[in-house]
Amino acid sequence: MSTHDSEVHTISPELPAMFDGMKLAAVATVLYIIVRCLNLKSPTAPPDLTYQDTALNRFLLKSCPQLTKEYIPPLLWGKSGHLQTALYGKLGRVSSPHPSGVRKYLPMQDGATATFDLFEPVGDHRTGDDVTMVICPGIGNHSEKHYIRTFVDHAQKNGYRCAVLNHLGALPNIELTSPRMFTYGCTWEFAAMVGYIKRAYPQTQLMVVGFSLGGNIVCKFLGENRMNQERVLCCVSVCQGYSALRAQETFLQWDQFRRFYNFLMADNMKKIILSHRHSLFGGNPVKMIDLDLGRLYTATSLMQIDDSIMRKFHGHSSLKEYYEKESCVHYIHNVNVPLLLVNSADDPLVHDSLLTIPRTLAAKKPNVIFSLTLHGGHLGFFEGAVLFPQPLTWMDKVIVGYANAMCQWEKQKPPCQSGHLTESSCAEEKA
């Protein structure tokens, strides 16, 4: 046997062991990445709550257990904010119901036509009261979205009438009747819907609900004018960002892939705008149309679209002015009805720095509760055991649970108390 053959026989038995080690290392690396990406080691916990210790808040937390119990997402993927957000974005909800409603058309002073869908309750309310939920969906959304349909069905079964705003330009089969579409904080269409409900149902009380961009609109609406809070029992805002001016910088950052989400939302906004190009740009000079559309086609972020198109609908001179005027952060401190603000710590769209706004507000105002869940993503909040989510989410349950608690409080509250009064004002009235 030659020396060369001896070396071959000496080395070759070690090769399988080396390849086995490489396979194990590769498997371990993949498993590590999966565990990190899916956040499997993250614990479950009750929402982190910020609130003042008042009789009303104690009653609400006792009567709405979803706010104090653990939120448990699906085991294998529910602790990833990205997957929760992706599932919401792609499917909305699983096994979504089809509630039956009537579409209403409201002419606006500028020639626009606001639309909303009205859904009557299919069950009796536990207090016997007439309560209407006035609902504002997220960006570019409407009553036909699965997450809205799921929530409306749940609210109907609990005895609530629901009115859902269709954002101006969001419905693909409804043409615009003026050169304007929905913006980040325009409250005109929502105000028209609320006004209609108040006139059509003079005995009803209102519960205001806003999702994402809709949360900004409803909080701004209530804070713009004290009269807007008349007959309003309470308000719930879910997953909004509170300040567009502060958020714009975070949307250009790559952490939590926010820049990628920004691109996807910008692409969706492009499609909505282009589907109404004749209504929006038909009356403008040809050169201006070409300039606006050219900027729109090349835009890769919401900020670019807002600057070239959206701010002009209301005559704002700059992007900064547009974001300042349309953000609820400048109005929300005027809201005096009970207010529940819900966000998720792993929401990839809402940077953690923005959450100082609701946290500070809840610490200062006795009517505000800020609930921050550990998981849930952006409007996800799916629940489930291991893999498959349940049709009804934690978000759906907590909103209806909070509404039920508020109605019960109004029914059995002490004579000197209401959702608008603090314990100190009650003591003053007794004196």
Side-chain angles (χ1 to χ4, degrees), residues 49 51-68 119-136 151-152 154-163 193-195 197-210 215 218-219 221-223 225-238 332 334-342 361-362 365-371 396-430:
L49 300 175
Y51 63 97
Q52 289 192 18
D53 186 23
T54 65
L56 173 58
N57 287 341
R58 289 194 297 269
F59 179 85
L60 291 173
L61 296 179
K62 180 180 179 181
S63 304
C64 183
Q66 289 84 7
L67 287 172
T68 54
F119 303 86
E120 292 295 334
V122 296
D124 295 328
H125 194 275
R126 61 176 60 190
T127 63
D129 293 329
D130 185 320
V131 185
T132 303
M133 290 192 177
V134 283
I135 302 164
C136 192
F151 174 70
V152 166
H154 182 49
Q156 282 181 296
K157 290 175 179 176
N158 279 268
Y160 293 95
R161 180 185 300 107
C162 294
M193 180 180 75
V194 170
I197 295 298
K198 286 182 176 180
R199 292 190 301 272
Y201 304 95
Q203 302 303 317
T204 196
Q205 293 178 297
L206 303 181
M207 180 186 174
V208 179
V209 181
V218 300
C219 289
F221 166 76
L222 292 175
N225 192 322
R226 188 176 293 273
M227 292 181 63
N228 293 343
Q229 300 177 47
E230 292 179 358
R231 291 169 57 186
V232 173
L233 272 178
C234 58
C235 174
V236 178
S237 162
V238 184
I332 197 169
N334 296 325
V335 179
N336 294 317
V337 299
L339 176 60
L340 174 63
L341 303 173
V342 178
L361 187 73
K365 289 182 67 72
N367 61 303
V368 181
I369 296 177
F370 174 50
S371 173
D396 303 316
K397 296 174 185 176
V398 78
I399 297 173
V400 171
Y402 180 82
N404 288 340
M406 271 306 310
C407 292
Q408 194 65 39
W409 168 264
E410 289 294 313
K411 203 76 172 177
Q412 66 183 50
K413 67 188 178 186
C416 69
Q417 289 183 324
S418 73
H420 302 258
L421 293 178
T422 63
E423 288 180 320
S424 59
S425 55
C426 182
E428 290 172 6
E429 187 173 326
K430 286 180 180 179

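- Within 6.0 Å of atom NZ in Lys411, more than 12 heavy atoms from other residues, nucleotides or ligands are found, so the atom counts as buried in its surroundings.
- Not a single donor-acceptor pair under 3.5 Å links the side chain of Asn336 to the backbone N or O of Asn367.
- Taking CD1 from Ile197 and CE from Met133, the interatomic distance works out to 13.5 Å, rounded to the nearest 0.5 Å.
- A distance-only check finds a donor-acceptor pair linking the side chain of Arg231 to the backbone of Pro202 [under 3.5 Å].
- Here CD of Gln408 is found 7.0 Å from OG1 of Thr127. Values are rounded to the nearest 0.5 Å.
- With hydrogens and angles disregarded, a donor-acceptor distance shorter than 3.5 Å links the side chain of Thr204 to the backbone of Asp130.
- Counting all heavy atoms, side chain and backbone alike, Ser63 lies closest to Ala405 at CB-CB, 3.7 Å.
- The ring pair (Phe, Tyr, Trp, His ring centres under 6.0 Å) test applied to Tyr402 returns no partner, not counting sequence neighbours.
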Could you walk me through whether Val238 and Val398 pass side chain to side chain contact (heavy atoms under 4.5 Å, CB included), step by step?
CA-CA 10 Å; Val238 184; Val398 78; over 6 Å; no

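- In terms of the ring pair (Phe, Tyr, Trp, His ring centres under 6.0 Å) criterion, Phe119 has no residue partners (sequence neighbours excluded).
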May I have the step-by-step check of side chain to side chain contact (heavy atoms under 4.5 Å, CB included) for Phe221 and Val194, ending in yes or no?
CA-CA 10 Å; Phe221 166 76; Val194 170; 4.2 Å; yes

Decide side chain to side chain contact (heavy atoms under 4.5 Å, CB included) for Val209 and Val218; before the verdict, give the C-alpha distance in whole Å, the side-chain angles of both, and the deciding distance to 0.1 Å.
CA-CA 7 Å; Val209 181; Val218 300; over 6 Å; no

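- Partner Cys235 forms a side-chain contact (heavy atoms from CB on, under 4.5 Å) with one of Val134, Val208, Val368 and no other, that one being Val208.
- Taken from CG in Leu341 to CD1 in Ile332, the straight-line distance is 5.0 Å, to the nearest 0.5 Å.
- Minimum heavy-atom separation, Val335 to Cys219: CG2-O, 3.8 Å.
- Here the closest heavy-atom approach between residue Met406 and residue Leu233 is recorded as CE-O, 3.7 Å.
- More than 12 non-hydrogen atoms from other residues, nucleotides or ligands lie less than 6.0 angstrom from CZ of Phe370.
- The shortest non-hydrogen separation linking His125 to Asn158 is CD2-O, 3.6 Å.
- Contact between Val337 and Gln229 at its shortest, heavy atoms only, is N-OE1, 3.5 Å.
- Formation of a donor-acceptor pair under 3.5 Å by the Asn225 side chain with backbone atoms of Met227 is found in this model.
- Of the listed residues (Leu61, Leu339, Leu56), just one forms a side-chain contact (heavy atoms from CB on, under 4.5 Å) with Ile369, and that residue is Leu61.
- Taking OG1 of Thr132 as the reference point, atom CE of Met207 lies at 12.0 Å (rounded to 0.5 Å).
- The closest side-chain heavy-atom distance from Leu340 to Leu60 is not below 4.5 Å.
- No donor-acceptor distance shorter than 3.5 angstrom exists from the side chain of Gln156 to the backbone of Gly123, with no hydrogens or angles considered.
- Under the rule for a ring pair (Phe, Tyr, Trp, His ring centres under 6.0 Å), the partners of Phe59 that lie at least two apart in sequence or sit in another chain are Trp409.
- Between Asn228 and Lys198, the shortest heavy-atom contact is O-NZ, 4.1 Å.
- Atoms CD1 and CD1, from Ile135 and Ile399 in turn, are 8.0 Å apart once rounded to the nearest 0.5 Å.
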